[in-house]
Amino acid sequence: IMMGTDVRNWALMSCFNVPDFTELLFQENFEESYQRHKQHLQLLSRGDSNIRWILKAPYHLPNLRELSKVYPDASIIHTHRDVVDTVTSTCSLYSVFRSTFSDEVDPALVGEQQVSVLSRWFNDAVAARKEIESNGIKVIDVYFKDMVSDTEGTLKKIYDKLDMNLSEEGLSAMTNWLGSNQRGKHGAHQYSAEEFNLNPEKVRDSMGAYLDAFWSA
């Protein structure tokens, strides 16, 4: 929401069919937007320099360079999931969002647009990662499959990489919460690639640079 105060907002494409606007965002420099974003956080911090903000949004991925210039002391957790699942899940979510604002939503068009946008985001992130890490930004890779199969171990890895102490009390609180909120507790998110005319092989081909960098092992 804070990234939308000057309309440089990737989230708009989730609610509206605006391909020309989306293409325009690829040409934009988001550094000014992040400066404003930082001012918002400073206002919310109310002068307390000890606050550590945790910001979760996929829309930061295409602008890692600008983010790192404004937040040179940031640490980034880069999450990874099977790209076909990621694209399909995003298509399903966007279709629901768009149905709120439009009487007609074309699933195939949503699929086409998401492959186009996400492939550019993911592939460009490979080069952006090299640049920002060379400038001292700490980036931690977290794979969805590891978070699911070994949640405690993955949490410990994140805290260790961030040089933060994970207390027994904190870990116990997390595991207790997870135990009471198992995946699917409120129902499963049902979707399929076919709904959005997605060809899994073509989706993977479009993200070759990203897959080579983070999934080749």
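Below, each value reflects all heavy atoms present in this structure, side chains not excepted, and no hydrogens, waters or symmetry copies.
- Linking Ile, Leu, Val, Met, Phe, Trp and Tyr whenever their side-chain heavy atoms come within less than 4.5 Å leaves L55 and L162 in two separate clusters.
- In terms of heavy-atom proximity, I137 sits nearest to S68 at CG1-CB, 3.6 Å.
- Using modelled atom types, one side-chain atom of E195 and one backbone atom of S192 make a donor-acceptor pair closer than 3.5 Å.
- In the hydrophobic clustering of this structure, V142 does not group with F144; members are Ile, Leu, Val, Met, Phe, Trp, Tyr whose side-chain heavy atoms approach within less than 4.5 Å, directly or through other members.
- In terms of modelled atom types and a separation under 3.5 Å, the side chain of T151 and the main chain of M147 share a donor-acceptor contact.
- A donor-acceptor contact shorter than 3.5 Å is absent between the side chain of S172 and the backbone of E168.
- Residues C91 and G111 approach most closely at SG-CA, 3.5 Å, considering heavy atoms.
- Using a 3.5 Å distance cut-off with no hydrogens or angles, the side chains of R8 and S33 do pair a donor with an acceptor.
- For NZ of K202, the number of neighbouring non-hydrogen atoms (other residues, nucleotides, ligands) closer than 6.0 Å is 12 at most.
- Annotation: H60 is in aromatic contact with Y34 [ring centroid separation under 6.0 Å].
- Salt bridge absent: K157 and E152 never bring a charged side-chain N and a carboxylate O closer than 4.0 Å.
- K156 forms no cation-pi arrangement with Y159, by the criterion of a distance under 6.0 Å to the ring centre and an angle within 45° of the ring axis.
- Looking at I77 and K56, their side chains never come closer than 4.5 Å, going by heavy atoms from C-beta outward.
- L109 and V96 fall into different hydrophobic clusters, where Ile, Leu, Val, Met, Phe, Trp and Tyr residues are linked whenever their side-chain heavy atoms come under 4.5 Å apart, directly or through other members.
- T88 pairs in a side-chain contact (heavy atoms from CB on, under 4.5 Å) with only one of the listed residues (T90, D85, V84, T86), which is V84.
- Using the six-membered ring where Trp is involved, W10 and F26 have ring planes that are perpendicular, over 60° apart on the 30 and 60° scheme.
- A single hydrophobic cluster is seen to contain both V18 and F101, as judged by linkage of ILVMFWY side chains at heavy-atom distances under 4.5 Å, directly or through other members.
- Using a distance-only test at 3.5 Å, with no hydrogens or angles considered, no donor-acceptor pair links the side chain of D124 to the main chain of L61.
- Aromatic rings of W121 and Y210 (six-membered ring for Trp) have centroids beyond the 6.0 Å cut-off, not under it.
- Although no hydrogens or angles enter the test, the distance criterion places no donor-acceptor pair under 3.5 Å between the side chain of K38 and the main chain of Y71.
- Looking at S119, its side chain does come within 3.5 Å of a backbone N or O of S116 through a donor-acceptor pair.
- Although no hydrogens or angles enter the test, the distance criterion places a donor-acceptor pair under 3.5 Å between the side chain of R98 and the main chain of M13.
- L118 and L24 are not part of a single hydrophobic cluster, where members link through side-chain heavy atoms under 4.5 Å apart.
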